[in-house]
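Quick notes on the structure that follows.
Heavy atoms only: backbone and side chains are in, while hydrogens, waters and symmetry mates are out. First listed ligand is number 1; within each ligand, the first listed atom is number 1. We number each residue from 1, following the sequence as shown. Remember, it's a predicted structure, so these values are computed and weren't measured experimentally.
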Amino acid sequence: MAVSPILLLLAIFSLIYGNGILPIEATHHVYRNLQTLSSDSSDQPYRTAYHFQPPKNWINDPNGPMRYKGLYHLFYQYNPKGAVWGNIVWAHSVSKDLVNWTPLDHAIYPSQPSDINGCWSGSATILPGGKPAILYTGIDPNNHQVQNLALPKNMSDPLLREWVKSPKNPLMAPTSANMINSSSFRDPTTAWLGKDGYWRVLIGSKIHTRGMAILYKSKNFVNWVQAKQPLHSAEGTGMWECPDFYPVLNNKPSSTIGLDTSVNGDNVRHVLKVSLDDKKHDHYLIGTYDIAKDIFTPDNGFEDSQTVLRYDYGKYYASKTIFEDGKNRRVLLGWVNESSSVSDDIKKGWAGIHTIPRAIWLHKSGKQLVQWPVVELESLRVNPVHWPTKVVKGGEMLQVTGVTAAQADVEISFDVNEFGKGEVLDQWVDPQILCSRKGAAVKGGLGPFGLLVFASRGLQEYTAVFFRIFRYQNKNLVLMCSDQSRSSLNKDNDMTTYGTFVDMDPLHEKLSLRTLIDHSVVESFGGEGRACITARVYPTIAINEKAQLYAFNNGTAAVKITRLSAWSMEKAKIN
Ligand SMILES: *[C@@H]1O[C@H](CO)[C@@H](O)[C@H](O)[C@H]1NC(C)=O
Ligand SMILES: *[C@@H]1O[C@H](CO)[C@@H](O)[C@H](O)[C@H]1NC(C)=O
Ligand SMILES: *[C@@H]1O[C@H](CO)[C@@H](O)[C@H](O)[C@H]1NC(C)=O
Ligand SMILES: *[C@@H]1O[C@H](CO)[C@@H](O)[C@H](O)[C@H]1NC(C)=O
């Protein structure tokens, strides 16, 4: 294993200062000695204009999102002292529209024994009568992970500025009786209420390599009793972080309506999402939930790699949904970490962003979820550019002019018909591997065609988001890729290529792609939201007004652009 210079440096510092690196838990390291370096604010080409981020420092998971008295509340894991993980508190911002955000003082920070070593992730539940309750993971004096409750101090304050912790904390803790691993017990979900009057909540955990969602029940939200069985578990999946469990409507024709977390019954299916700590991906299962027996039976397991479902096939983790009463929609929030080196993060003084909030619902096939940026985002669109239908021949590149290419929203649809030119795929291949073998620079039959974003004039740098259509088992198989291999001349960045198959029939459907471009993030939605890929890129030439945007086709078959609409995006007021 290669040791990076920064880690060597840290090791030296830790020798000098004793505890430069304080391992609390396998994936969380405190870079004590690096937490006071300040940022260089003069040159910040990678700060986003309309994605959520604080003015500086490290952020990770979205926590306890909720809507209260007409305001959205977003809490998030935050290090007030630096651009690396550590000193974690719940920072707090509010919004009227999920687009513009106002910062408030930290809502939850270490103040009692049950959270004195950290306030980690958790969720909000709106109790009957409209009172919000937050369950979160605290790190106690023994560095054990325990679950705590916090309630608003003043329900009349729409900003919910102050939170009071229960004197009964911790409400759930590892003991010698329950045998729960005290280093693997975290991230309570939003609770749901059964007809039996019991609240239920899940906590992520594992036993050896079996990941699990431990179920607890309570009548009063304070006294919680562990159920005999976890709601679900799977061998070999490792620690389950940030579980999320919610109902979706199984209506045909498909409906985008979301359901309250406690809803169950006919026409309802359930989604269990877990953030797999070993893989650093958010996976989900669709299944049936029997609330009387508290058993969740998924349609497919984690075992079969061909049916595995992810919210996002790029960089995306620790997500959480909220149900919005009144708007009848479920909204998904997620964290995207940096692909730059730790030393570059420290230099720029910040690390981590959140994705654009996405509405989420069950696809009419019943086999997967669909995600789409919340409609409120469109309020930032200005200066639209619309193209008439255009044919793009093999090898052609068409520049999209008239938009700020480093800060844009682009929707493009392709019509293909020369299906005979699709390359034949003899056996199933992992789509991410297929995308890295056949990147944008590898000519094909039907594709690659799509968008080149953050492109420099001479194409020394570009990120390609594209489709390629294969012939597999006598059907057309659509591959969607986000190819970062040429995204930057700075090779210190992680430039991994991402990919997924899109479950769609290009004979009868147009191949659509929407890409949100924002300085260092490329957030793409293929097949009308059936496949999402988020990437982080750090071009050195193609920054700000030097970034170009193109539609391209590097296949032998011509393709037709049936729609291209692009907008410059205004800067949102974020924190
Ligand atoms: C509660 O919040 C309301 C609205 O912000 C405010 O008017 C009131 O003074 C607060 N009450 C207390 C006890 O702080
Ligand atoms: C408990 O969790 C920690 C952290 O992941 C791990 O190192 C340890 O092996 C676990 N113990 C058991 C018995 O699984
Ligand atoms: C963050 O990014 C790095 C490198 O790009 C990756 O290896 C790591 O697993 C990521 N962490 C999470 C929690 O997503
Ligand atoms: C298209 O393919 C050619 C030949 O492989 C390659 O040189 C060129 O860079 C490709 N175009 C893009 C945008 O990748």
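- The part of L452 lying near ligand 4 is the side chain, judged by heavy-atom distances below 4.0 Å.
- Distances below 4.0 Å separate heavy atoms of S183 from the following atoms of ligand 2: 2 (O), 3 (C), 4 (C).
- Ligand 4 has an N or O atom lying under 3.5 Å from an N or O atom of A440, backbone or side chain.
- Note: F75 and Y136 fail the aromatic proximity criterion, with ring centroids not under 6.0 Å apart.
- Applying the 6.0 Å contact sphere to CD of Q229 captures no more than 12 heavy atoms from other residues, nucleotides or ligands.
- Inclusion of R486 in the set of residues having an N or O under 3.5 Å from an N or O of ligand 4 is not warranted.
- Only the side chain of K206 comes within 4.0 Å of ligand 2, counting heavy atoms alone; its backbone N, CA, C and O stay farther away.
- At a cut-off of 3.5 Å, with distance as the only test, no side-chain donor of S95 or N100 sits close to an acceptor on the other residue.
- Near ligand 1, N154, S156, D157 each place a heavy atom less than 4.0 angstrom from the ligand.
- Under a 4.0 Å criterion applied to the non-hydrogen atoms of N181, ligand 2 contributes the atoms 1 (C), 2 (O), 3 (C), 8 (C), 10 (C), 11 (N), 12 (C), 14 (O).
- Heavy atoms of Y462 approach ligand 4 to within less than 4.0 angstrom.
- Outside the 6.0 Å centre-distance limit, the rings of H92 and H106 are not counted as a close aromatic pair.
- A cation-pi contact, defined as under 6.0 Å to the ring centre and within 45° of the axis, is absent between R486 and Y462.
- Put simply, part of H208 is less than 4.0 Å from ligand 2, judged by heavy atoms.
- In terms of polar-atom proximity, L459 is not counted as a contact of ligand 4, lacking any N or O under 3.5 Å from an N or O of the ligand.
- Aromatic pair F552/F449: ring centres not closer than 6.0 Å.
- The local environment of OH in Y109 is sparse, with at most 12 non-hydrogen atoms from other residues, nucleotides or ligands closer than 6.0 Å.
- Every atom of ligand 2 is numbered from 1 in the order shown, and the set under 4.0 Å from a heavy atom of S184 is 1 (C), 2 (O), 3 (C), 4 (C), 5 (O).
- Of the N and O atoms on the side chains of T515 and E523, not one donor lies less than 3.5 Å from an acceptor on the other residue.
- The ring-ring contact (aromatic ring centres under 6.0 Å, His included) search around Y538 returns Y46, not counting sequence neighbours.
- Relative ring orientation between Y317 and W335 is described as perpendicular, the plane-to-plane angle rising above 60° on a 0-90° scale split at 30° and 60°.
- Rounded to the nearest 0.5 Å, atoms CG (L135) and OH (Y216) are 12.0 Å apart.
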